[in-house]
Amino acid sequence: MAVLHPVILPVTAANRGLKGPEKVRHLSARARQALALSAARSGVALHRLPKDERGAPQPVNGVYWSISHKSDYVAGVVSPDPVGIDLEKIRTFSEGVRRKIADEAEWGLSGEVPERRFFRFWTAKEAVLKAAGSGLSELSRCRVQSVPDGRRVMLSLRGVPVTVAHFFFDRHVAALVQNAYRVAWGLLGDEDPGV
């Protein structure tokens with residue numbers, strides 16, 4: 001697999017009004033649909049989706065996987081290497097959260113519009129931490145090293161370099177641990193993919 005095939009699906013209009021546990025169940029199931037489509041596009045099958053005691057996804061027959069879900073969209077991806085995917089709606093944010101995500105040296109690496117830059121850094125770090133299986137406990141160790149262009153961010157975690165690809169759509173941004181792979185983003189419409 002020289003190409004990663006992350007898939008993004010919208011939450012259907014009929015299910016956007018769900019609340020509480022019913023919403024969580026639906027979003028999780030929809031994200032698993034996106035994951036199944038990514039696996040099919042990659043020519044692999046995932047018959048089970050194990051997690052460790054902390055809830056971090058575990059590989060299946062050498063295939064790593066990651067999902068993300070928000071109120072309007074979900075995403076899933078498979079990879080032969082540890083992988084993380086995240087997505088967020090681009091919106092306003094607080095100064096306190098900004099200070100937690102990155103320091104001033106990191107913020108100075110990009111001159112983008114503040115909201116776009118914030119959510120690029122946030123989703124990139126979240127994707128890297130998912131790939132590492134460490135969660136937010138290592139947020140302060142995950143550092144932006146450079147921003148080579150509007151679609152990639154170079155980070156490091158524990159001194160290991162990581163390349164993250166970004167995809168922008170409908171006032172949202174998705175981030176994917178890319179490293180040496182090419183990325184073929186798949187954004188599907190409201191139709192049910194029939195997985």
#### Entry: Close side-chain approach of Val63 to Pro80, heavy-atom, < 4.5 Å
no
### Message
Run the side chain to side chain donor-acceptor pair (under 3.5 Å) test on Ser71 and Lys89 for me, step by step, so that the C-alpha distance in whole Å, both residues' side-chain angles and the decisive distance to 0.1 Å come before the verdict.
### Response
CA-CA 9 Å; Ser71 294; Lys89 184 173 187 174; over 6 Å; no
### Task
Spell out, yes or no, whether Leu27 and Leu188 are grouped together once hydrophobic residues are joined by side-chain heavy atoms under 4.5 Å, including indirect joins.
yes
### Message
Less than 4.5 Å apart, side chain to side chain, heavy atoms only: is that true for Arg16 and Pro10?
### Response
yes
### Summary
Sorted by chain and number, sequence neighbours left out, ring-ring contact (aromatic ring centres under 6.0 Å, His included) with His69 holds for none
### Query
How far does CH2 of Trp65 sit from CG of Leu49, to the nearest 0.5 angstrom?
4.5 Å
### Message
Side chains of Trp185 and Phe169, heavy atoms from C-beta outward: is any pair under 4.5 Å?
### Response
no
### Message
Determine whether a donor-acceptor pair (N or O, by modelled atom type, separation under 3.5 Å) exists between the side chain of Arg117 and the backbone of Ser110.
### Response
yes
### Summary
Sorted by chain and residue number, the salt bridge (Lys or Arg N to Asp or Glu O under 4.0 Å) partners of Arg99 (sequence neighbours excluded) come out as Glu95
### Query
Hey, are the side chains of Val78 and Leu46 touching, using non-hydrogen atoms and a 4.5 Å cut-off?
yes
### Message
Does anything in residues 12-32 form a ring-ring contact (aromatic ring centres under 6.0 Å, His included)? List the pairs, not counting sequence neighbours.
### Response
none
### Query
Taking only residues two or more places apart in sequence, or in another chain, which ones meet Arg54 in a salt bridge (Lys or Arg N to Asp or Glu O under 4.0 Å)?
Asp52
### Task
Would you name the heavy atoms of Pro59 and Pro50 that are closest together and state the gap between them?
O-CG, 4.2 Å
### Query
For Glu115, what residues pass the salt bridge (Lys or Arg N to Asp or Glu O under 4.0 Å) criterion, not counting sequence neighbours?
none
### Task
Kindly compute the distance separating CD1 (Ile85) from OG (Ser68), expressed to the nearest 0.5 Å.
7.0 Å
### Task
Enter the distance from Gln33:CD to Ile67:CD1 here, rounded to the nearest 0.5 Å.
11.5 Å
### Query
Who are the side chain to side chain donor-acceptor pair (under 3.5 Å) partners of Glu22, not counting sequence neighbours?
none
#### Entry: salt bridge (charged side-chain N to carboxylate O under 4.0 Å, His left out): pairs with one or both residues in residues 55-71, sequence neighbours excluded
Lys70-Glu88
### Query
Sequence neighbours excluded, which residues qualify as salt bridge (Lys or Arg N to Asp or Glu O under 4.0 Å) partners of Arg143?
Asp103, Glu106
### Task
For residues 156-171, pull every pair meeting salt bridge (charged side-chain N to carboxylate O under 4.0 Å, His left out), keeping only residues two or more places apart or in separate chains.
Glu138-Arg158
### Query
How far does OG of Ser42 sit from NE2 of His5, to the nearest 0.5 angstrom?
4.5 Å
#### Entry: Straight-line distance of Ile8 CD1 to Asp72 CG, nearest 0.5 Å
12.5 Å
### Message
Do Asp81 and Asn179 have side chains that approach each other closer than 4.5 Å (heavy atoms only, starting at C-beta)?
### Response
no
### Task
Could you list the residues that satisfy ring-ring contact (aromatic ring centres under 6.0 Å, His included) with Tyr64, not counting sequence neighbours?
none
### Task
Tell me who clusters with Phe118, hydrophobic residues only, linked when side chains sit under 4.5 Å apart either directly or through other members.
Ile90, Phe93, Val97, Ile101, Trp107, Leu109, Phe119, Phe121, Trp122, Val128, Leu129, Leu136, Leu139, Val144, Val147, Val153, Leu155, Leu157, Val162, Val164, Phe168, Val173, Val177
### Task
Quick one: pull up OG in Ser66 and NZ in Lys130 and give me the separation to the nearest 0.5 Å.
4.5 Å
#### Entry: Exam field: side chain Arg30 to backbone Val74, donor-acceptor pair closer than 3.5 Å
no
### Query
Quick check: does any side chain N or O of Thr123 sit under 3.5 Å from a backbone N or O of Arg120, one acting as donor and the other as acceptor?
yes
### Task
For Arg182 and Leu4, run side chain to side chain contact (heavy atoms under 4.5 Å, CB included): C-alpha distance rounded to whole Å, both residues' side-chain angles, the deciding distance at 0.1 Å, then the answer.
CA-CA 6 Å; Arg182 289 187 307 114; Leu4 300 180; over 6 Å; no
## Note on the structure
Residues Ala34 and Ala75: closest non-hydrogen pair is CB-C, 3.9 Å
## Note on the structure
Nearest heavy-atom approach of Gln145 to Ser156 is NE2-OG, 2.9 Å
### Task
Quick one: list whatever passes side-chain contact (heavy atoms from CB on, under 4.5 Å) with Asp149, sequence neighbours left out.
Arg151, Arg152
## Note on the structure
Shortest non-hydrogen pair, Ser134 vs Ser137, comes out as O-OG, 3.0 Å
### Message
Show the nearest heavy-atom pair for residues Pro6 and Ala184, with the distance to one decimal.
### Response
CD-O, 3.7 Å
#### Entry: Minimal non-hydrogen separation, Ala131 against Gly84, with atom names
CB-N, 3.7 Å
### Query
Do the side chains of Val77 and Leu35 get nearer than 4.5 Å, heavy atoms only?
no
